[in-house]
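Scroll down for the structure; my scribbles are underneath it.
Because only heavy atoms are used, hydrogens play no part in the values below, and waters and symmetry mates are left out as well, while side chains stay in.
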Amino acid sequence: MRQEKYSVRKRKLATVTAIRLVIFFLIILIAVDIVVGVLLQKEILNIYQEFSVSYAEMLSERIDANKAKRYLETGQKDEYYESVLSEMQGMVKTGGLRYLYVFVPEKEGIRYIWDSQADKDSRPLLDFWEYDGTYPNDEVIDAYERSESEFYTYTYKDMDLAAALTPLLNSEGKAVAMVESDILMPHIRSGSIRIVIVILLHMCLIMLITMIVFYSFVRRRIIGPLLKLNLAAVDMVDNLATDKELVIDVNTGDEIETVARSFENMNRKLHDYIEENTHIQLEKQRVNTELNLAAKLQADMLPSKFPAFPDRNELLIYADMTPAKEVGGDFYDFFFIDHDHLAIIMADVSGKGIPAAMFMMMSKSLIESRVSYGGDPGRILEEVNDMICANNPETMFVTVWLGILNTRTGVVEAANAGHEKPVIYHEGGKFEIVEDKHGAMLGLKKGLKFPNYEIKLEPRSKLMVYTDGVPEAMNDKEEQFGMERMLKAINSKPDGRPEDILMLVDRDVYLFLNDAEQFDDLTMLCVEYMGSDDAETV
C-alpha cells in the first residue's frame, strides 16, 4: 500500500489558544491584584491604626485628667495647658497626623479642651463643633460612657479619615475626656496602590515570560500534533476509497502519539471492515434472493386464487396468510377429495423462518397425500403423526385442524391436533367458539390418537379457522389481541362474505399492534356453506 504523510497547515487553533491564554492570565492578574490590594490595604490600615493609637495613648498618659476637667469647668488656661498644646503640635507635625485633640462628646457635638491640626487652624479651649459628615458620634459617646478605646473611619470635608480614640481616665478609672488621633485615609490608599502597582508590574513580566514559554510548548507539543490529527481525520474518508495506508507524522511520546497510532490502526481496520462488509452485503443479497424465492415457493404452495371454485355453488371460501418473517411456519390448504367432499386444513409449525418453512412444506405434503387416500380426519392425523415422528430429529411439532366438509349435507367431520378452536356462524346469529375435542400436537411421539367430531353447517353458515398468531398478537404494551377482540371484529359484520370477515380481523389486528413488530404468522380461512340443491337429510 502507498503511504501518504500529513504536514501542518495554518489553522486558527493557535490564535484562539493564544487569545485564551492572554484572557486567562489577565483574569489571574486582576484577581491577584484585587486580593493583594484588599489584603495590603487592610494590613496597612492595621499599621496606621497601631500608629494612631500609640499617639492617642501617649497623649492620654501625658495629660493630667484632673487638670483637663478643671480647664473644662473654668475655661482658664495656664502654663501646663500651653505645654501640652505645644507637645500636641509637635506630635501632629512629626507623626503626619491630620487632627489630634482632647474633647468631651455631647449630644449635639464635641467640646474641645485641646486641639491641634495639621493646617494650624486649631480650635480654642471650650470651642464647640457640631457633628458633621459621617462622624460616628453614637460610637464616640458610647466609648466615652464605657471609658474604652475605639477605632473607626469617617468622612469630613471630602477627607477620608481613620481615627483612634482613647479615654482620659481619672483616679477612679472613669473617663473625663477622650483623646483622638486622626490620619488621612488617602495616605493609606496611595501607599497600598503604589505597592500593588509594583507587584502587578512584576507579575505581568513574570506571566508574560511564562505565557510565551507555555505557548511555545503547547504550539510544538499539542497544537501542531492535533492539527496533524485533524488533517488525517478529514482525509480519512477519501483515503478509505483508495489503497493508501495512513501515516501520521506525530512522535511526541505521549498520549497524542497514542491517539495518532490509534488513527492509523483504525484506518487499517476500516479498510478490512469495508472489504469484509462488501462480502457480507453480497452474501446477504444472495440470502435475500434465496429467501424471496423461498417465500414465493411457499406462497405458490398455498391456494391463492379466489374465487377458488367458481363452478361450484355450494360454498364460498377465502384464506389469507401474512408471515412474521420472509417465510413462515403457518399453512392452510383446501381441495376436493371427490365431488362431494372438501378437505380444509389449518396448521401452525413450531418455530419461525427457514427451518419452520421446511418443516411446514414436509407436513403439508404428508397431510395432503394422506387425505387423498380417504378416511376420517382422526385416522388421517394419527398416520401423519407417525410419519413425522419417524423422521424428526429436531423434535419439531405442528398443530393441525383438519375438517372434511360434505357439500351435500353440510356436515363437517373434523379432528383437532392441538390447534386453536374454530368459530362458527349461523344465519341470523353471531360467530361463536366451537368447543371441540383436542388431541396432542403432531410430531411429539408415535401412537397418538385424535378424536373425531362433527359440525353441522346450515345454508349461509360460516366456519372460520385460524392460527394462534391472531389471538396472541401483542402490542407495544405487551397486551394480547385475544379472542374477545377477534370475535368483536368478525361479529361487526357476521353476514359478510368470507373475504370481508378476514379483512375485518386483519384491520383490527394491525390497528391493535400499532408500531409493535409482528411476532407470529397471521393465518386465517373462512368458508361459507351455501347449501346444495340435492342435499340429503341426515
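No donor-acceptor pair under 3.5 Å is formed between the side chain of D348 and the backbone N or O of T399. Judged purely by atom type and a 3.5 angstrom limit, D521 uses its side chain to pair as donor or acceptor with the backbone of D330. A donor-acceptor pair under 3.5 Å links the side-chain atoms of N491 to the main chain of F431, judged by distance alone. With hydrogens and angles ignored, the 3.5 Å screen pairs a side-chain donor or acceptor of T407 with a backbone N or O of D340. The closest donor-acceptor contact from the side chain of S350 to the backbone of M396 lies at 3.5 Å or more, if one exists at all. Checking side-chain atoms of K462 against main-chain N and O of P498 turns up no donor-acceptor pair under 3.5 Å.
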**Full working for side chain to side chain contact (heavy atoms under 4.5 Å, CB included) between V470 and M524** = CA-CA 8 Å; V470 177; M524 296 174 287; 3.8 Å; yes

**Asked** Going through the distances and angles, do V384 and V371 end up as a side chain to side chain contact (heavy atoms under 4.5 Å, CB included)?
**Response** CA-CA 10 Å; V384 170; V371 169; over 6 Å; no

**Request:** For the pair D376 and E413, evaluate side chain to side chain contact (heavy atoms under 4.5 Å, CB included) and give the outcome as yes or no after the intermediate values.
**Result:** CA-CA 7 Å; D376 61 73; E413 189 175 9; 3.6 Å; yes

**Item:** Steps toward ring pair (Phe, Tyr, Trp, His ring centres under 6.0 Å) verdict (F336, F309)
**Value:** CA-CA 10 Å; F336 274 99; F309 309 110; 4.9 Å; yes

**Prompt:** V411 and L457: side chain to side chain contact (heavy atoms under 4.5 Å, CB included), yes or no, with the steps?
**Reply:** CA-CA 6 Å; V411 174; L457 300 182; over 6 Å; no

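Taken from CZ in R312 to CE in M530, the straight-line distance is 14.0 Å, to the nearest 0.5 Å. The structure places CG of L381 at 5.0 Å from CG of L402, a figure rounded to the nearest 0.5 Å. Note that NE2 of H438 is 8.5 Å distant from NE2 of H419, once rounded to the nearest 0.5 Å. One finds the CE atom of M464 at 11.0 Å from the CD1 atom of I433 (value rounded to the nearest 0.5 Å). Annotation: the span from N391 atom CG to L366 atom CG amounts to 9.5 Å, rounded to 0.5 Å. Rounding to the nearest 0.5 angstrom, the gap separating the CD atom in E435 from the OH atom in Y453 is 10.0 Å.
Between E383 and R379, at least one side-chain N (NZ, or NE/NH1/NH2) sits under 4.0 Å from a carboxylate O, which counts as a salt bridge. Of the charged side-chain nitrogens involved, none lies within less than 4.0 Å of a carboxylate oxygen, so that K477 and E479 do not count as a salt-bridged pair. Using a 4.0 Å cut-off between charged nitrogen and carboxylate oxygen, R497 and D500 count as a salt-bridge pair. For D508 and R485, the salt-bridge test fails: no basic side-chain N is under 4.0 Å from an acidic carboxylate O. Note on K456 versus E458: salt bridge recorded, some NZ/NE/NH1/NH2 to OD/OE distance being below 4.0 Å.
Residues K445 and N385 share a closest heavy-atom pair of O-ND2, 2.7 Å. For the pair L504 and S492, the tightest heavy-atom approach, listed with the atom from each and the gap, is CD1-OG, 3.6 Å. Taking every heavy atom of both residues into account, G443 and I388 meet most closely at CA-CG2, 3.9 Å. The nearest pair of heavy atoms linking N475 to A516 is C-CB, 3.6 Å. When all heavy atoms of F334 and A319 are compared, the pair lying nearest together is CE2-CB, 4.3 Å. F450 approaches G439 most closely through the heavy-atom pair CD2-CA, 4.1 Å.
Side-chain atoms of W401 and D436, non-hydrogen and from C-beta on, do get closer than 4.5 Å to each other. When side chains are defined from C-beta on, L513 does not count as touching F481, because their heavy atoms never get closer than 4.5 Å. Two residues are said to be in side-chain contact when any heavy atoms from C-beta on lie closer than 4.5 Å; D333 and P303 meet this criterion. The side-chain heavy atoms of L315 and L342, taken from C-beta on, include a pair separated by under 4.5 Å.
Under the 6.0 Å distance and 45° angle rule, R460 does not count as a cation-pi partner of Y425.
Checking R370, K446, K449 one by one against E382, the side-chain hydrogen bond (donor to acceptor under 3.5 Å, both in side chains) holds for a single residue, K449. Partner of R507 under the side-chain contact (heavy atoms from CB on, under 4.5 Å) criterion, chosen from L511, V505, V509: L511.
Other residues, nucleotides and ligands place no more than 12 heavy atoms under 6.0 Å from the CE atom of M503. Dense packing is recorded around CG of N514, with more than 12 heavy atoms of other residues, nucleotides or ligands lying under 6.0 Å away.
Checking H341 against D338 by side-chain atom types alone, a donor-acceptor pair falls below 3.5 Å.
In this pair, Y318 and F306 present their aromatic rings tilted. The plane angle is within the 30 to 60° band.
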